[in-house]
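Everything numeric here is computed off the predicted structure, so don't read it as measured data. One-based numbering along the sequence shown. When a ligand or atom number is given, it counts from 1 through the structure's own listing order.
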Amino acid sequence: MEGSAVAKVTGMRRRFWGWAAIGGIVSAGVFLAAAELVALVASREASPLLALGSVVIDAVPQPLKELAISTFGEYDKIALLVGLALAVLAAAAVAGVLQFIRPPLGVAVVVIAGGLSLAAALTRAEAGPAAALPALGGTAAGGVTLWWLVARVRRWAAAAVDAVPDERGSPSPARDGDPAERPTVHAKGATASPSVDRRAFLRVTAIAGASALIVGIGARALIDATSSSFAAVRKALRLPAPKSSVTVPAGAELDVPGISPLFTPNADFYRVDTALTVPSVDPATWRLVIDGMVEQRVELTFDDLVGMGLDEYAITLTCVSNEVGGPLVGNAMWLGVPVRDVLRKARPLAGADMVLSRSVDGFTASTPLPSLTDDGLDAILAVGMNGEPLPLEHGFPVRMVVPGLYGYVSATKWLTELKVTTFDADEAYWTPRGYSAKAPIRFSSRLDTPRTGEPVPAGRTALAGVAWAQTVGIEQVDVSIDDGRWQTATLSNPISDDTWVQWFFEWDATPGAHNIVVRATDKNGDVQIGERTPVAPDGSTGWHRTLIRVT
Ligand SMILES: Nc1nc2c(c(=O)[nH]1)N[C@H]1C(S)=C(S)[C@@H](COP(=O)(O)O)O[C@H]1N2
Ligand SMILES: [Mo]
């Protein structure tokens, strides 16, 4: 008899878990909104969700990261944020139920989440002491909201349980053993009806939820508007005309529909970085520090750098994560200053063999010193890209570009420091994460057109694409159709050995399925490696093979 009464009451209380979970979710919303509001006033870079996301980006092991990139492509960061938001939602619901079953366990979960956000925000490269404030504000607001809302649910539940007719006419069994379930207000007889607590809970939940949405979205929009104010600064920036410009020779660009343009428009240029939000750097306050193993520590302003005089450089950039035939390669006309001229001001000491370049967001790259100082190599600090100041997402206001090296060991965006050092003494961002400390680009070639799956009518068809061997140059590109003999393609007139060339081959396409393979030979006479290797630890190899259906 008594057992079934307990079960009945427990069942009734379970029905309130959903309300407690909603209280938890609304409290998480209040947490995040309060944090954004504090971030807006005190520390714009320290949004808890973004800080946690950045920690996840830095912590995720390399194979998982490759998986995320291959699954979500350039939406990998959005996927991460959505995943994180779902995790927060689930944790918040659990915190609500815990607070209902055994207070203050739910509030303890909020405090732990606050501690994690605090740690995440404070360990970011850009973080000052104020970065602690958003997490603290969020924890306080979220914790109080959870405590208050779930207390209402508990009273509502207790009142509802009391309203159940008691079969023995003695105190309800659920009220033995757990004094917390005996609301004091109720004991005093102030409320006797569950509907009063229900109304209080629903009203405050609705108000808190709506305010969280409005305040959170509003604060985030205002924070984002700050970065678009940097877009305005960038737009207003006038770079001086170059001292020297690149001559693009006649025949440098082939007229084949579907081929990669000789210069990749900025809007189409691939983007790879670990930054969850694009760092905002004001050129007016930007400084480049050259330090480490140098005779003289040097600090340059943006005007100092630009004042050294700008030259044009056509350099093809490549990412180590580019799979055979992949899109993570692009060619741009950069405007910049030779790194060697900048390093010379600081006079590197003998024994140094590496420059560790650092971004404002903490990213670092290890570049062999000779790749930056050799007179024959055009390593630059770039401020312009394809006739404009660097786009924000490509490193505004200053980045490195080094011909012949993969981006992760050379192309630091939002550059802030050049530390002259040694490979023995320092390690770059990707080195402990499964990639080589040194990584020259493995020369490669790609078929751009026709694409797999694109219907090709029989008859004369242009096979065309690009090939790159930065610092060495492409000598020849060959194609093989259905594993037949290699046939030499026609090359565009190269701008320089640092830029890709376009190639095309006229093919008389016959109906059916055909396998097209392309390979390059560089000016050293080396033939592109045919064997497939993965992108880690130092770049993929293999020939690009495409299956084409001719109709
Ligand atoms: N600050 C910063 N710079 C960075 C990176 C990064 O994660 N953070 N990624 C590098 C990598 S892996 C590549 S391939 C190039 C890509 O430059 P892009 O995004 O302008 O194409 O930037 C390099 N510079
Ligand atoms: Mo990269």
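With Gln470 as the fixed residue, the side-chain hydrogen bond (donor to acceptor under 3.5 Å, both in side chains) test singles out one of Thr318, Thr316, Asp497, Asp498: Thr318.
Pairs of residues two or more places apart, or lying in two chains, that qualify as salt bridge (Lys or Arg N to Asp or Glu O under 4.0 Å) and include a residue from residues 289-298 are Glu295-Arg347, Arg297-Glu299.
No side-chain N or O of Asp353 forms a donor-acceptor pair with one of Thr422 less than 3.5 Å apart. Checked by atom type, the side-chain pair Thr533/Thr541 shows a donor-acceptor distance below 3.5 Å.
With Trp486 as the aromatic partner, Arg519 meets the cation-pi criteria of under 6.0 angstrom to the ring centre and within 45 degrees of the ring axis. Annotation: cation-pi geometry satisfied between Lys438 and Phe423 (NZ/CZ under 6.0 angstrom from ring centroid, within 45° of ring axis).
Around ligand 1 you find Phe269, Tyr270, Arg271, Val272, Asp273, Thr274, Leu317, Cys319, Ser359, Asp361, Phe363, His394, Arg399, Gly407, Tyr408, Ala411, Thr412, Lys413, Trp414, each with a heavy-atom distance below 4.0 Å.
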